[in-house]
Amino acid sequence: MSRKFILTPEQELPVSSLTIPYQEELNEAQLEVVTSGPGPLLVVAGAGTGKTRTLIYRLAYLVETGVAPEHIVLLTFTRRSANEMLNRATGLLDGRCKRVRGGTFHAFCLTLLKKHASKLGYPDNFTLLDSSDSADVIDVIRTSSSVKTGGKRFPRKGTLQSIFSAVRNRGVSIASILESGYSQFADFEADIERLFGSYARYKKHHGLMDYDDLLILTLQLFKQEPDILKQEASLCRHVLVDEYQDTNAAQALIVKALSSVHGNVMVVGDDAQSIYRFRGADFTNILEFPTQFAGASVLKLEHNYRSSQKILNLANSLLEQATRKHDKQLFTLREGGELPGLVPAPDDRFESRFVSQLILQFREQGIGLHEMAVLFRNGHNSFDLEMELNRKNIPFLKYGGLKLAEAAHIKDVVAYLKVIENPRDAVAWNRILLLLEGVGPKTAGKIIEWLDGHSDGPFEVQERPFSGAYIESLTALFAMLRSVKKGNQTPSGQLESIIAFYGPILQRVYYEDYPKREQDLEHLIGLGTSYSNRSSLLESIALDPIELTAIDTEPTESDEPPLTLSTIHSAKGLEFKVVFIIQALDGVIPSSYSVGDQESLEEERRLLYVAVTRAADYLFLSYPMLQFRRYDGQYFTMPSRFLEHLPPEILEPCSLVEQQPNALNAAEKQSLLPPSTKQ
DNA sequence: ACAAGCAGTTTTTTT
DNA sequence: AACTGCTTGT
């Protein structure tokens, strides 16, 4: 190691001259975090303890005490939360906070890789694969390399993608992943290994990166080019990481690398809220932080400001059942409050009516819709409720679940943009070629192979060594791509040209419901206007589909801030006065996929813990007692096993009673009874 | 030989 | 609603 000279801050400010009264606005533990000195620091912060608030004050404090904002890096879980934090810090201090570098690990790495792609043998215009794109790549490779299945079931493309991703995120062998989660495919280990290699080569050859590459190639870049590491790490005088319990092995190494020059790293997290194990997150990162970063201090935030004691009691009881005990008990000074309720409903429809009716009642009492949320395990768990909310004209915004960016028609349009950006992007080519009439997988493959030899200007080449019904549409496609590439259009303009070409295809392929999809495409054009060039639009679509997630079912008529509907995963870090957790069924939470594996089951428990701790004042867990299944009709359900054996003084059993119709006035009837007769 | 259409099965969570 | 496997049609 070379000698280190430690520079004193550029401007020394006495704490008394700071503009924010930190002592008044923070509790003792929070203040200690905010004003802590240099070096590594782990903050273990339970749910609702003001973790975000503390981070924001820390940011402001650093800026205020003279750290250049562009030398601070704030790594968060979503870009949404980074923006929100920077905005709040700006409100607290001033515009300087806006210059803090912030975002997700993936976005941060992408910026870095765009600068240095050539060092890794990648072209500057490489394009990104989301997980379904990468599954498509794997599918193409699998078919072309003709794996002999020997009659047995070979893993599907999506399964292969998960296996590959797990291998790379956790830094373990294929054999051990197969052993731990996919033992039925153990026979194919050699084949899978071979595909894994082909997949990596294919991506490099075609200028493609998947999500995992963003992290792993960044690490590779650092390893291969120590000067770049030094240069980048020098610019990271303070590294702040939120939700550290949900980082994976690669991300932990990136944190280590970025802080390797200055050593100022502060990570915040809660091992009890780790819910991304399926994605390779490893909460031992948080437990081992003090070992990984020598001389780290550890501070705890345990005072909960969010929830009533009764809600915390339920949260604490959930954790008490956990096999791995957590050494924290949340406490609050807030007294009173209502017991969380467990509400069995006869069926889905009753559950929806119950939730929507209570939402209206709370609104009557003066609680705004935006202070309430309905949470659920799976994106589709809210379908019935969504219909009911529409019927009752309750505006809502849904997070999580199906994203617009994942819808087939959006992916189609984006694929045109991708081939214009990166003509070697074979998956995108494959997608748009298959849309031509008369072109199937084989022909698409041939055309792509031909294109490969003309990668300099595939839209220019005049020869067309193909014949067939598709030749005309292929020519038209090339002409369109050529004109968009040449034309000096804005991203929105490019989208419009593409959509003009795609319109007839859309109507042919989705003849049943194309009007709805056309609306989505209009929406996409609108989104394009906020980007200055094609490549940033593409990056945003791949990395930050948040803006696209809000699928407004109906244009909201009122200006009332809407109710939140969210998967539990997407509700991380948020809080609401009133929370409903619907479909609290065994098989849903915990998911039936998790029951075979103790670790997964524990993660499901933490998931419920996260959901419960979103609530400040009122909490209801409901479930339908009877459900329909496609083939075996109605069947009886079981409530979540995590809620069993909880005493009534922790979780109060409630019941739904149908009021006699004649006791109601007309308006109430309207709100209680579904307009149509029951099935 | 390949594309297209149909029927039956299967849907977690996300950067 | 999308994916797989099968059958039919060009």
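Labels below follow one simple rule: chain letters A, B, ... track the order of the sequence lines, proteins then strands, and each chain is numbered from 1. Owing to the predicted nature of the structure, the values given are computational and were not obtained by experimental measurement.
Under 4.0 angstrom from either OP1 or OP2 of B:dA3 there lies no side-chain N or O belonging to A:Tyr470. In terms of phosphate contacts, A:Thr567 brings a side-chain nitrogen or oxygen within less than 4.0 Å of OP1 or OP2 of B:dT14. When the side-chain nitrogen and oxygen atoms of A:Thr443 are compared with OP1 and OP2 of B:dA3, one or more of them lie within a distance under 4.0 Å.
In this structure, A:Val439 reaches the sugar-phosphate backbone alone: every heavy-atom distance under 4.0 Å involves primed, P, OP1 or OP2 atoms, never a base. Within 4.0 Å (heavy atoms only), A:Gly379 reaches sugar-phosphate atoms of the nucleic acid but no base atom. Counting non-hydrogen atoms under 4.0 angstrom, A:Ser570 reaches the backbone sugars and phosphates but no base. As judged by a 4.0 angstrom heavy-atom cut-off over every strand, A:Glu603 is placed among residues making no nucleic acid contact. Within the 4.0 angstrom heavy-atom criterion, only backbone atoms of the sugar-phosphate kind lie near A:Phe77; the bases stay farther away.
With B:dT14, C:dT4, B:dT15 as the choices, the nucleotide that has an atom nearest any side-chain atom of A:Lys157 turns out to be C:dT4. Proximity note for A:Lys442 (side chain, C-beta onward) versus C:dA2, B:dC2, B:dT13: the nearest is B:dC2. The side chain of A:Tyr211 approaches B:dT15 more closely than any other nucleotide in the set B:dA4, B:dT15, B:dT14. Which of B:dT15, C:dA2, B:dT13 sits closest to the side chain of A:Ala408 comes down to C:dA2. Distance from the side chain of A:His106 is smallest to B:dT15 among B:dT15, C:dA2, B:dT13. Taking the side chain of A:Tyr593 as heavy atoms from C-beta on, and the options B:dT11, B:dT14, B:dT15, the nearest nucleotide is B:dT11.
Regarding A:Arg279, its CZ atom lies at a distance of 4 Å from the C1' atom of B:dT15, rounded to whole Å. A:Glu243 has its CD atom 12 Å from the P atom of B:dT15, to the nearest Å. Rounded to whole Å, the distance from NZ on A:Lys411 to C1' on C:dA2 is 13 Å. Protein atom CD of A:Glu602 is 21 Å distant from nucleotide atom P of B:dT13, rounded to whole Å. Here B:dT14 presents its C1' atom at 15 Å from CZ of A:Phe105, a figure rounded to the nearest Å. For A:Asn169 and B:dT15, the CG to C1' distance is 10 Å, given to the nearest whole Å. Separating the CD atom of A:Glu437 from the C1' atom of C:dT10 is a distance of 13 Å, rounded to the nearest angstrom. Between the CZ atom of A:Arg277 and the C1' atom of B:dT14 there is a distance of 16 Å, given to the nearest Å.
Toward the 5′ end of DNA chain B lies the nearest nucleotide of A:Gly438, the other residue of the pair A:Gly438 and A:Phe278 mapping further downstream. Residue A:Leu434 is the one, among A:Leu607 and A:Leu434, whose nearest nucleotide of DNA chain B lies closer to the 5' end (criterion: closest heavy atom).
Annotation: the span from A:Glu406 atom CD to A:Ser131 atom OG amounts to 6.5 Å, rounded to 0.5 Å. Here CD of A:Gln321 is found 9.0 Å from CG of A:Leu608. Values are rounded to the nearest 0.5 Å.
A perpendicular orientation is assigned to the rings of A:Phe278 and A:His569, their planes being inclined by more than 60° (bins at 30° and 60°). Between A:Tyr276 and A:Phe77, the ring-plane angle classifies as tilted under the 30° and 60° cut-offs.
Few gaps surround CD on A:Gln507; more than 12 heavy atoms of other groups in view lie less than 6.0 Å from it.
For the pair A:Arg517 and A:Tyr510, the cation-pi test (distance below 6.0 Å, angle within 45°) is passed.
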